[in-house]
There are 2 protein chains.
Amino acid sequence: MTSSNRPAGEVPRVRAGRDRGIPDATVARLPVYLRALMTLSERGTPTVSSEDLASAAGVNSAKLRKDLSHLGSYGTRGVGYDVQYLIYQISRELGLTQDWPVVIVGTGNLGRALADYGGFVSRGFRVAALLDADPAKVGQQVAGMTVQHVDKLEAVVQESGVAIGVIATPAPAAQEVCDRLVAVGVRSILNFAPVVLQAPDEVRIRKVDLSIELQILAFHIQRATGGQLPALAGEQEPEGAT
Amino acid sequence: MTSSNRPAGEVPRVRAGRDRGIPDATVARLPVYLRALMTLSERGTPTVSSEDLASAAGVNSAKLRKDLSHLGSYGTRGVGYDVQYLIYQISRELGLTQDWPVVIVGTGNLGRALADYGGFVSRGFRVAALLDADPAKVGQQVAGMTVQHVDKLEAVVQESGVAIGVIATPAPAAQEVCDRLVAVGVRSILNFAPVVLQAPDEVRIRKVDLSIELQILAFHIQRATGGQLPALAGEQEPEGAT
DNA sequence: ACGTCCTTGTGAACGTTCGCACAAAGTGAG
DNA sequence: CTCACTTTGTGCGAACGTTCACAAGGACGT
Ligand SMILES: NC(=O)c1ccc[n+]([C@@H]2O[C@H](COP(=O)([O-])OP(=O)(O)OC[C@H]3O[C@@H](n4cnc5c(N)ncnc54)[C@H](O)[C@@H]3O)[C@@H](O)[C@H]2O)c1
Ligand SMILES: NC(=O)c1ccc[n+]([C@@H]2O[C@H](COP(=O)([O-])OP(=O)(O)OC[C@H]3O[C@@H](n4cnc5c(N)ncnc54)[C@H](O)[C@@H]3O)[C@@H](O)[C@H]2O)c1
């Protein structure tokens, strides 16, 4: 049939209505700015210019200003941004003024490292439960919590109002865990297993994949050195440094 | 006087010359395709269409075809792509046909999990050394290797021809470790510490940051639910209760 | 040999992101 | 108050990325 899915008279507005749409690229940088601001705050710095904050965050200053302009006009021309106020505004925009209960599924090496991770709790995130399928792991104490059986997943999610699921199981189990999380209403998932999870569009999935990161780095090394190991590439041509 | 650095008659080509420039976005997806292809290979599938492979990788099929077209014309019209051949071509492009020695600095919870991680070695990556500053950790066996003191960093990098450094130390130590890695010639770094590392432009730094990922997810949840916890959003409104 | 069917590879349109450059807006000295 | 100076907020063009749509190319049956 190949029916044209584009009604001829339709206005091609994608995000009609709310103008609150903050670009994805900006959202991804806000946490970086927030962290830089926290460092400044600890040092007692009262205000910061876009130039200095951008430098601390590792971005272009014009980009930083444009990013912040999406939140509103919180700077003072000729002065800069009030550190405390900006921390509050970014936190509010990211939804960090409230507590987000998180469930971690899979309490292996990685799951335990995540549970122990201090920066986890330091923002508004709280580990609501640690789950595992291995009977030997259930009942263990990890980071001050008792590991529960993964059968309790649905109960835990509903009782604690879990909004975010973290998957740290082996790859073969990840899709099933994902399906169960989605079935009980979790719509945000952070996946550490090396698989592409299939889920409905309304579920937001982010992945962290060490192996992919290394492969990207390897590509660039090879591109730069022509495929030689850098340490060896340098030995062929003695370059000043003897 | 804002001298125009753009000669009027100049063609705005940025990457003139080599057409080998593969877009960053494409490079970031190649490892995903590779993984999907490995799965197909294990099942003995001889060929795959762009539609099927794209579906397995979670991307649009046109995007996949364009990505692969940057490597060359390795498909057969009317048939699809030969799985084995494509695995080889992508591996070669990413530089995975050789072994990349990696050094992991910081052997805490995360560093140990990384060292244990099977998918690490499964591709062309090999842990050349595990380093830590804590005398209590030095000498311990982790993933079949002996943890060495971080003082050996320079020696290990040079002897093993380490091309990639992984930083899994606490945040305050990360910049110093980074500086030392850069000083001995490492130009690709994967950073797990929650800091923005400062390094020369020629050093390629990628970061993995759990906390940032969670904050991005939190933003979208809040945007979707208006700031309520999703589990609570569906419940009754406190109506006239006061 | 030839036509039909299938899938690749890519031109072109569209959307997003980036960064320059500068007007607008505020500070502070005299 | 006025002027010099600093820094924000943003218009705009360029670069980059995505997606549609289809011509080109190859396989395969007849
Ligand atoms: N360890 C790393 O550094 C690292 C890095 C990148 C990716 N990963 C991935 O993260 C995942 C976890 O890695 P790990 O090193 O912790 O592995 P692990 O084997 O140490 O831990 C996996 C845990 O998941 C549990 N599990 C298995 N099936 C389950 C299920 N259906 N429900 C709940 N729990 C279940 C196991 O009992 C085990 O405790 C793996 O997919 C791995 O590939 C790990
Ligand atoms: N654990 C996680 O899940 C997780 C997640 C995200 C980010 N991170 C970050 O990764 C880093 C490591 O986390 P962790 O949980 O393994 O912490 P950890 O405290 O368990 O381990 C840190 C290790 O680094 C060593 N170290 C300290 N200074 C060093 C130096 N100068 N040189 C070499 N080694 C040094 C310490 O002795 C310790 O063994 C931290 O920056 C943390 O914020 C961790």
Side-chain angles (χ1 to χ4, degrees), chain A residues 1-8 10-16 19 21-30 32-33 45-55 57-83 85-86 89 201, chain B residues 1-8 10-16 19 21-30 32-33 45-55 57-83 85-86 89 201:
Chain A
M1 281 240 213
T2 71
S3 64
S4 78
N5 50 6
R6 188 186 305 162
E10 198 68 18
V11 180
R13 288 272 164 196
V14 176
R15 295 194 187 204
D19 58 336
I22 298 182
D24 284 349
T26 294
V27 173
R29 283 187 294 266
L30 289 179
V32 180
Y33 303 155
T45 313
T47 63
V48 65
S49 71
S50 64
E51 200 67 51
D52 290 350
L53 184 54
S55 163
V59 303
N60 180 296
S61 70
K63 182 150 67 180
L64 179 132
R65 288 197 297 276
K66 186 154 287 187
D67 283 344
L68 294 183
S69 76
H70 289 292
L71 314 188
S73 280
Y74 298 139
T76 305
R77 298 178 188 219
V79 177
Y81 299 89
D82 182 280
V83 172
Y85 189 56
L86 198 51
Q89 288 298 343
D201 286 347
Chain B
M1 193 34 201
T2 72
S3 65
S4 75
N5 48 6
R6 190 185 307 159
E10 196 68 17
V11 179
R13 289 274 164 196
V14 174
R15 295 194 186 205
D19 57 337
I22 298 183
D24 284 349
T26 294
V27 173
R29 284 187 294 265
L30 289 180
V32 180
Y33 303 155
T45 313
T47 63
V48 65
S49 70
S50 65
E51 199 67 51
D52 290 351
L53 184 53
S55 163
V59 303
N60 180 296
S61 70
K63 182 150 64 180
L64 180 131
R65 287 197 297 277
K66 186 152 285 187
D67 283 344
L68 294 184
S69 76
H70 289 292
L71 313 189
S73 279
Y74 297 138
T76 305
R77 299 181 187 216
V79 176
Y81 299 89
D82 182 281
V83 171
Y85 189 55
L86 198 52
Q89 289 298 343
D201 286 348

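Not measured: the values here are computed from a predicted model. Chain letters run A, B, ... following the sequence lines, proteins first and then strands; every chain starts at 1.
- Taking atom OH of Tyr74(B) as the reference point, atom P of dT7(C) lies 22 Å away to the nearest angstrom.
- Between Asp82(B) atom CG and dG26(D) atom P the separation is 16 Å, expressed in whole Å.
- Under 4.0 angstrom from either OP1 or OP2 of dG9(D) there lies at least one side-chain N or O belonging to Ser73(A).
- In terms of phosphate contacts, Asn60(B) brings a side-chain nitrogen or oxygen within less than 4.0 Å of OP1 or OP2 of dC20(D).
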Legend entry - Under 4.0 Å protein heavy-atom contact, by nucleotide of nucleotides 24-30 of chain C - B base, S sugar-phosphate only: BBSS---
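- As judged by a 4.0 angstrom heavy-atom cut-off over every strand, Ala25(A) is placed among residues touching the sugar-phosphate backbone only.
- Within the 4.5 Å cutoff, no side-chain heavy atoms of Tyr74(B) are placed close to those of Leu68(B).
- Lys63(B) has its NZ atom 17 Å from the P atom of dC16(D), to the nearest Å.
- Whole-Å rounding puts the Arg65(A) CZ to dC18(C) P distance at 15 Å.
- Side chains of Asp52(B) and Ser55(B) form no contact here, defined as non-hydrogen atoms less than 4.5 Å apart.
- When atom types are taken as modelled, the side chain of Thr76(A) and the backbone of Val79(A) share no donor-acceptor pair closer than 3.5 angstrom.
- Protein atom OH of Tyr81(A) is 18 Å distant from nucleotide atom P of dT6(D), rounded to whole Å.
- For Leu64(B) and dG17(D), the CG to P distance is 16 Å, given to the nearest whole Å.
- Applying the salt bridge (charged side-chain N to carboxylate O under 4.0 Å, His left out) test to Arg29(B) and every residue at least two apart in sequence or in another chain returns Asp67(B).
- Scanning both residues, Ser61(A) and Ala54(A), for their nearest heavy atoms gives CA-CB, 3.5 Å.
- With contacts defined as side-chain heavy-atom distances shorter than 4.5 Å, the pair Val59(A)/Tyr33(A) qualifies.
- dT10(D) atom C1' lies 10 Å from atom NE2 of His70(A), rounded to whole Å.
- Between the base of dT17(C) and the side chain of Lys66(A) there is no donor-acceptor pair shorter than 3.5 Å.
- A close approach under 4.0 Å does occur between a side-chain nitrogen or oxygen of Arg29(A) and OP1 or OP2 of dC18(C).
- The shortest distance between the side-chain N/O atoms of Ser50(A) and the OP1/OP2 oxygens of dT7(D) is not below 4.0 Å.
- Rounded to an integer number of Å, the gap from Leu86(B) CG to dT7(C) C1' is 15 Å.
- Counting only heavy atoms from C-beta outward, the side chains of Leu71(A) and Ile22(A) approach each other to under 4.5 Å.
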